[in-house]
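Only this structure's heavy atoms are used, side chains among them; waters, hydrogens and symmetry mates stay out. Chain letters run A, B, ... following the sequence lines, proteins first and then strands; every chain starts at 1.
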Amino acid sequence: MSLPIVQPAEIWQKSGRWSVYGAEMWRIRDRHNREFCLGPTHEEIITMQIKQGIRSYKQLPQRPYQIATKFRDERRPRFGLMRGREFMMKDMYSFDRNEEGLETSYQLLYQAYGNIFSRCGLNFRPVEAASGAIGGSGSHEFMALAESGEAEILFCNQCDYAASVEIASVPVRAEKYSGPLAQVEIVATPNCQTVEEVAAFLGQPTSQVVKSMCYHLEDGLALVLIRGDRQINEEKLSAVLGMGELNFATDEEMRAAGLVPGYIGPVGVKNIKIIADNEVPLVANQITGAGQEGYHKTGVNYGRDYQADILTDLRIVEAGEQCPHCSGTLQSARGIEVGQVFKLHTKYSDALGCSYLDENGKEQPMVMGCYGIGVGRTMAAVIEQNNDEYGIIWPVAVAPYEAVIVPVNDKDPVFTEKSEELYQAMLKAKIEVVLDDRKERGGVKFNDADLIGYPFRVTVGNKTKNDGLVEIKIRATGEVIDLPIEEAAAFLKEKIAAAK
RNA sequence: CGGGAUGUAGCGCAGUUUGGUAGCGCACCUGCUUUGGGAGCAGGGGGUCGCAGGUUCGAAUCCUGUCAUCCCGACCA
């Protein structure tokens with residue numbers, strides 16, 4: 001299919017994403033001042049499309065796909081093809097009758113994606129992932145392992161647990177404190193604003209401090225609490241808050257709400273939603289901001305002195321922690337996210353009224369999934385993992401051309417003629433081949449062939465003229481094979497098929 | 001959004017500290033030679049220094065503003 005890039009605001013408002021998607025969505029207006037966006041993804045549009053065309057359970061499942069340009073006003077585009085504001089994506093959507101159908105589609109696509117990335121020659125790993133702005137529940141990302149990757153993944157050294165750091169979660173393991181509870185005291189902490197400074201000043205570990213961070217909500221502020229030695233996982237927090245994009249409250253906003261920046265604490269705050277990480281109640285005799293310039297409170301205890309409105313998992317899990325599934329230890333690696341699969345369930349079909357009639361003539365919402373591959377980014381990842389000092393080493397399956405013919409020069413007409421003959425023979429054999437007939441010296445062409453990374457190079461030169469031989473060089477291994485020119489096409493055809 | 005850097009010939013850069021109207025490599029043009037791993041020699045063309053304003057006898061160079069690009073960070077109150 002080819003779905004529209006320019007999409008009306010209306011369907012995004014219906015799905016609720018017009019507000020959730022935030023600044024990343026490229027919004028435009030037409031001459032009548034009506035709102036549109038440049039599609040960052042296509043769930044809404046495809047759902048409307050299917051809604052109009054599919055009525056019966058007999059027509060399900062449907063799994064349409066397209067390869068198209070997406071637009072996202074990225075907060076920081078970088079590294080060329082890795083993260084651009086405009087990029088090519090292969091996106092597929094599945095529409096099934098029920099959850100079992102979705103499960104089947106999801107497994108099929110999960111398998112297919114693994115096959116695709118394997119054929120691309122990638123060293124990758126599927127990991128449990130957050131579904132972010134796409135929504136739904138249940139998602140996996142396919143991570144090409146690379147130091148330059150922007151994403152961090154955690155995986156167990158014993159079992160097969162692997163997850164994006166955005167979603168990785170481990171059970172709360174801290175012991176419940178059963179000693180005496182201290183009384184709240186207000187202590188002067190001059191010039192101590194950061195957790196490290198306060199902890200050092202009071203001679204306590206940072207895990208005794210409870211950090212309070214103030215975020216901006218659509219209406220008002222939220223105070224987010226976490227143990228001093230932990231870090232907030234904004235992906236988890238934004239899911240809890242239902243906000244696509246998180247922003248800290250400004251100093252002015254905090255002051256207006258009666259908070260003192262740098263010395264915020266949860267005790268005694270009013271009209272502000274308090275959201276605490278699961279570990280917070282387990283810290284006995286906490287150190288928190290005192291709500292006044294230059295002071296902190298000690299001996300603060302959860303439950304007695306304050307209470308959170310929401311208690312949930314908010315923290316980033318770090319390498320070295322225990323695996324949530326076994327007794328193994330989590331290790332971390334960096335990866336390039338080349339693909340992701342999501343179970344959307346009925347999020348969009350409910351919102352947009354995409355339903356079908358079942359065997360009993362009863363209306364049912366379609367159960368959806370969606371599946372994306374970053375095409376340009378995948379190519380970038382392939383190159384990242386397949387190169388040497390001379391250039392790219394394309395895996396055959398994704399090489400722009402499978403082979404190049406290099407006539408060593410164009411002075412002797414024999415080279416040109418033989419090259420053209422071979423070129424025709426290879427085309428006939430359905431080999432994707434380039435004839436490098438530029439007026440360049442052999443050395444230039446050889447170096448360019450290495451740089452561009454054709455898997456196979458065929459040289460037509462003196463050996464061809466004198467003995468009827470061509471030289472085939474395999475880019476990946478450097479192996480060189482001489483054989484009669486008549487046999488070259490068949491030989492390569494076989495090699496290419498084997499490599500695919 | 002915060003921080004840092006850069007904008008000079010088609011491309012990559014030097015020159016800016018100590019103002020005196022621009023230089024190198026590659027590419028390009030001409031000729032001769034060379035031709036299986038980025039050719040050699042000789043000759044030649046091309047820029048007003050991101051943009052705007054200011055200081056000065058004189059600005060790529062100093063000052064102010066502005067635009068663009070790239071890099072780093074994005075939290076912990």
Checklist outcome for this item: Atom CG of A:D73 and atom P of B:C1 are separated, to the nearest Å, by 11 Å
Item to check | Phosphate-side-chain proximity, A:R76 and B:C72, N/O vs OP1/OP2 below 4.0 Å | outcome: yes
Next on the checklist: Please classify the nucleic acid contact of A:E440 as base, sugar-phosphate, or nothing, using heavy-atom distances under 4.0 Å.
Outcome noted: nothing
Next on the checklist: Work out how far the P atom of B:U34 is from that of B:A39, and round it to whole angstrom.
Outcome noted: 16 Å
Item to check | Nucleotide paired to B:A5 in any strand shown, Watson-Crick or G-U, under 3.5 Å | outcome: B:U69
Next on the checklist: Base, sugar-phosphate or nothing for A:G289? Non-hydrogen atoms, less than 4.0 Å.
Outcome noted: nothing
Next on the checklist: Would you say A:T416 and A:D410 are linked by a side-chain donor-acceptor pair, where the criterion is simply a distance under 3.5 Å?
Outcome noted: no
Item to check | Nearest-nucleotide comparison on RNA chain B, the residue closer to the 5′ end among A:M254 and A:T464 | outcome: A:T464
Checklist outcome for this item: Considering only heavy side-chain atoms of A:R441, the closest of B:A77, B:U35, B:A74 is B:U35
Checklist entry - In whole Å, what is the span from the CD atom of A:E74 to the C1' atom of B:U69? => result 18 Å
Item to check | Watson-Crick/G-U partner (both atom distances under 3.5 Å) of B:G37 | outcome: none
Checklist entry - Could you state the CG-C1' distance from A:D436 to B:G36, rounded to the nearest angstrom? => result 13 Å
Checklist entry - To the nearest Å, how far apart are A:I264 CD1 and B:C75 P? => result 16 Å
Checklist entry - Given the P atoms of B:U61 and B:G19, what is the spacing between them in whole Å? => result 12 Å
Checklist entry - Say you pick atom P in B:U55 and the same atom in B:A14; how far apart are they, in whole Å? => result 31 Å
Item to check | Atom-pair distance (CZ on A:R438; C1' on B:A27), nearest Å | outcome: 14 Å
Item to check | Nearest-Å distance for atom pair CG/P, residues A:D448 and B:A27 | outcome: 13 Å
Checklist entry - When all nucleic acid strands are considered with a 4.0 Å heavy-atom cut-off, which category describes A:V195: base, sugar-phosphate, or nothing? => result sugar-phosphate
Next on the checklist: Work out how far the C1' atom of B:G47 is from that of B:U8, and round it to whole angstrom.
Outcome noted: 8 Å
Next on the checklist: What's A:D450 touching, base or sugar-phosphate or nothing? Going by heavy atoms closer than 4.0 Å.
Outcome noted: base
Checklist entry - Can you tell me the Watson-Crick or wobble partner of B:G20, both distances under 3.5 angstrom? => result B:C57
Item to check | C1'-based separation of B:C67 from B:A52 [nearest Å] | outcome: 10 Å
Next on the checklist: Measuring from the side chain of A:K463 (C-beta onward, heavy atoms only), which nucleotide among B:C75, B:G36, B:A39 has the closest atom?
Outcome noted: B:G36
Item to check | Euclidean distance, atom CZ of residue A:R78 to atom C1' of B:U69 [Å, nearest integer] | outcome: 16 Å
Next on the checklist: Salt bridge or not between A:E147 and A:R334? Use side-chain N to carboxylate O under 4.0 Å.
Outcome noted: no
Checklist entry - When we call it a touch if two heavy atoms are under 4.0 Å apart, what does A:D410 touch: a base, just sugar-phosphate, or nothing? => result nothing
Checklist entry - Touch check for A:K473, heavy atoms < 4.0 angstrom, all strands: base, sugar-phosphate only, or nothing? => result base
Checklist entry - How is A:R255 classified with respect to the nucleic acid when contacts are heavy atoms under 4.0 Å: base, sugar-phosphate, or nothing? => result nothing
Item to check | Length of the line joining A:Y215:OH and B:A74:C1', which is rounded to integer Å | outcome: 10 Å
Checklist entry - Can any side-chain N or O of A:Q286 pair as donor or acceptor with the backbone N or O of A:V283 at less than 3.5 Å? => result yes
Checklist entry - Are side-chain N/O atoms of A:S15 and A:E43 paired as donor and acceptor at under 3.5 Å? => result no
Checklist entry - Does B:G46 pair with anything, Watson-Crick or G-U wobble, both distances under 3.5 Å, and if so, with which nucleotide? => result none
Checklist outcome for this item: Picking from B:U35, B:A74, B:G37, the nucleotide nearest the side-chain atoms of A:N447 would be B:G37
Checklist entry - Salt bridge check: are A:K465 and A:E417 linked by an N-O gap of less than 4.0 Å? => result no
Next on the checklist: Using side-chain heavy atoms (C-beta onward) and a distance below 4.5 Å, is A:R377 in contact with A:M88?
Outcome noted: no
Checklist entry - The side chain of A:Q231 lies closest to which of these nucleotides: B:C75, B:G36, B:G37? => result B:C75
Checklist entry - If we take the P atom in both B:A42 and B:A5, what is their distance in whole Å? => result 42 Å
Checklist entry - What integer number of Å spans the P atoms of B:U6 and B:C62? => result 12 Å
Checklist outcome for this item: In Watson-Crick or G-U wobble terms, with both distances under 3.5 Å, the base opposite B:A14 is none
Item to check | Donor-acceptor under 3.5 Å (A:N233 side chain, A:A168 main chain) | outcome: no
Item to check | Gap in Å between the two P atoms, one belonging to B:G50 and one to B:C11, rounded | outcome: 13 Å
Item to check | Residues A:E86, A:T69; criterion side chain to side chain donor-acceptor pair (under 3.5 Å); working and verdict | outcome: CA-CA 7 Å; A:E86 171 182 339; A:T69 304; 4.9 Å; no
